> 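Let me give you the structure first, and then I'll get to my questions.
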Amino acid sequence: QVQLVESGGGLVQAGGSLRLSCAASGRTFSSSAMGWFRQGPGKEREFVAVIVWSVGTTYYADSVKGRFTISRDNAKNAVYLQMSSLKPEDTAVYYCAADDSVRYITTTRGYAYWGQGTQVTVSS
């Protein structure tokens with residue numbers, strides 16, 4: 001069984017930065033994808049960023065491109081999301097997700113495993 005545990009959320013002023021972490025346990029993903037999604041109040045869960053574990057290729061939603069950076073630590077089996085120049089519209093619960101395949105990795109259907117989420121609130 002795979003477990004994903006996020007951390008690093010909190011309250012930050014607009015223009016500030018936060019770094020989210022996601023630690024995976026139960027299995028090492030050697031050829032899969034790990035991603036970040038978010039769900040704002042009254043909104044559907046949306047794709048933020050993903051990294052293909054084996055090659056390090058990354059993809060980002062247009063809304064965060066240039067402000068957020070996803071990275072991984074193979075030794076720790078962890079993925080990170082560095083968020084900079086945060087805006088109030090970035091306020092959401094951020095979820096870490098993982099899967100054994102690299103299909104549909106920019107959509108929620110592409111992931112079998114999800115963390116419990118961590119709240120990020122950006123004040124104006």
Side-chain angles (χ1 to χ4, degrees):
Q1 184 68 20
V2 174
Q3 288 188 324
L4 303 174
V5 179
E6 304 100 332
S7 61
L11 173 64
V12 64
Q13 289 188 331
S17 300
L18 279 176
R19 187 190 191 218
L20 305 183
S21 301
C22 174
S25 62
R27 194 193 323 176
T28 299
F29 290 92
S30 60
S31 58
S32 62
M34 289 189 74
W36 289 95
F37 288 74
R38 66 186 182 186
Q39 189 165 14
K43 299 181 180 179
E44 293 188 354
R45 195 169 297 189
E46 65 176 3
F47 167 73
V48 175
V50 61
I51 187 165
V52 178
W53 199 260
S54 59
V55 295
T57 303
T58 58
Y59 301 95
Y60 296 91
D62 288 342
S63 58
V64 306
K65 209 171 288 184
R67 300 188 299 121
F68 292 10
T69 302
I70 189 170
S71 61
R72 74 191 194 284
D73 185 326
N74 288 1
K76 296 182 179 180
N77 214 19
V79 66
Y80 307 97
L81 187 68
Q82 178 66 48
M83 305 184 295
S84 302
S85 302
L86 283 162
K87 305 175 182 179
E89 51 263 44
D90 294 318
T91 294
V93 177
Y94 283 72
Y95 296 90
C96 175
D99 199 86
D100 291 325
S101 78
V102 292
R103 295 187 302 169
Y104 312 117
I105 56 176
T106 61
T107 69
T108 56
R109 67 180 289 194
Y111 298 87
Y113 307 106
W114 293 85
Q116 83 288 350
T118 185
Q119 177 71 46
V120 171
T121 303
V122 184
S123 63
S124 57

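Only a predicted model underlies this, so the values are computations on that prediction, with no experimental measurement involved.
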> Between Ala33 and Val50, what is the shortest heavy-atom contact and its length?
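Residues Ala33 and Val50, closest heavy atoms: CB-CG2, 3.8 Å.
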> If you measure from the Lys or Arg side-chain nitrogens to the Asp or Glu carboxylate oxygens, is any gap between Lys87 and Asp90 under 4.0 Å?
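No salt bridge links Lys87 with Asp90.
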> Say you draw a straight line from CZ of Arg67 to CE of Met83; how long is it, rounded to the nearest 0.5 Å?
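Here the rounded value is 9.5 Å.
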> Could you see if Tyr94 belongs to whatever hydrophobic cluster contains Val122? Use Ile, Leu, Val, Met, Phe, Trp, Tyr and a side-chain cutoff under 4.5 Å.
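Cluster IDs for Tyr94 and Val122 match.
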> To the nearest 0.5 Å, tell me how far Ser21 OG sits from Gln82 CD.
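These two atoms lie 9.5 Å from each other.
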> Would you please test Gln119 and Thr91 for side-chain contact (heavy atoms from CB on, under 4.5 Å) and show each step?
CA-CA 8 Å; Gln119 177 71 46; Thr91 294; 4.0 Å; yes
> Checking side-chain contact (heavy atoms from CB on, under 4.5 Å) for the pair Asn74/Trp53: CA distance, chi angles, key distance, verdict?
CA-CA 8 Å; Asn74 288 1; Trp53 199 260; 3.7 Å; yes
> Considering all heavy atoms of both residues, which atom of Val64 and which atom of Val48 are nearest to each other, and what is their separation?
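Heavy atoms only, the tightest pair is CG2-O, 3.5 Å.
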> Please table the atom pairs, donor to acceptor, closer than 3.5 Å between any side-chain atom in residues 3-11 and protein atoms at least two apart or in another chain.
{"unit_1": "Glu6", "atom_1": "OE1", "unit_2": "Gln116", "atom_2": "N", "d": "3.0"}
{"unit_1": "Glu6", "atom_1": "OE1", "unit_2": "Gln116", "atom_2": "NE2", "d": "3.3"}
{"unit_1": "Glu6", "atom_1": "OE1", "unit_2": "Gly117", "atom_2": "N", "d": "2.9"}
{"unit_1": "Glu6", "atom_1": "OE2", "unit_2": "Cys96", "atom_2": "N", "d": "2.8"}
{"unit_1": "Glu6", "atom_1": "OE2", "unit_2": "Gly117", "atom_2": "N", "d": "3.2"}

> Can you measure from CD (Gln39) to CD (Glu44) and round to the nearest 0.5 angstrom?
8.0 Å
> Evaluate the ring-ring contact (aromatic ring centres under 6.0 Å, His included) criterion for residues Phe37 and Tyr111: first the C-alpha distance (whole Å), next the side-chain angles of each, then the deciding distance (0.1 Å), finally the verdict.
CA-CA 11 Å; Phe37 288 74; Tyr111 298 87; 5.3 Å; yes
> Residues two or more places apart in sequence or in another chain: which of them pass salt bridge (Lys or Arg N to Asp or Glu O under 4.0 Å) with Lys43?
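Expected list: none.
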> To the nearest 0.5 Å, how far apart are OH in Tyr113 and CG in Asp99?
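Here the interatomic distance stands at 7.0 Å.
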> Mind listing the closest non-hydrogen atom pair of Ala14 and Pro88 along with its distance?
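Distance-wise, the nearest heavy atoms are CB-CD, 4.1 Å.
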> Could you state the interatomic distance from CD1 (Ile51) to CD1 (Ile105), rounded to the nearest 0.5 Å?
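Here the interatomic distance stands at 10.5 Å.
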> Which heavy-atom pair separates Arg72 from Ser54 by the least distance, and what is that distance?
NH2-O, 4.2 Å
> If you round to the nearest 0.5 Å, how far is OH of Tyr60 from OG1 of Thr69?
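Result: 4.5 Å between the selected atoms.
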> Search all heavy atoms of Tyr59 against all heavy atoms of Val52 and return the closest pair with its distance.
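That would be CE1-CG2, 4.4 Å.
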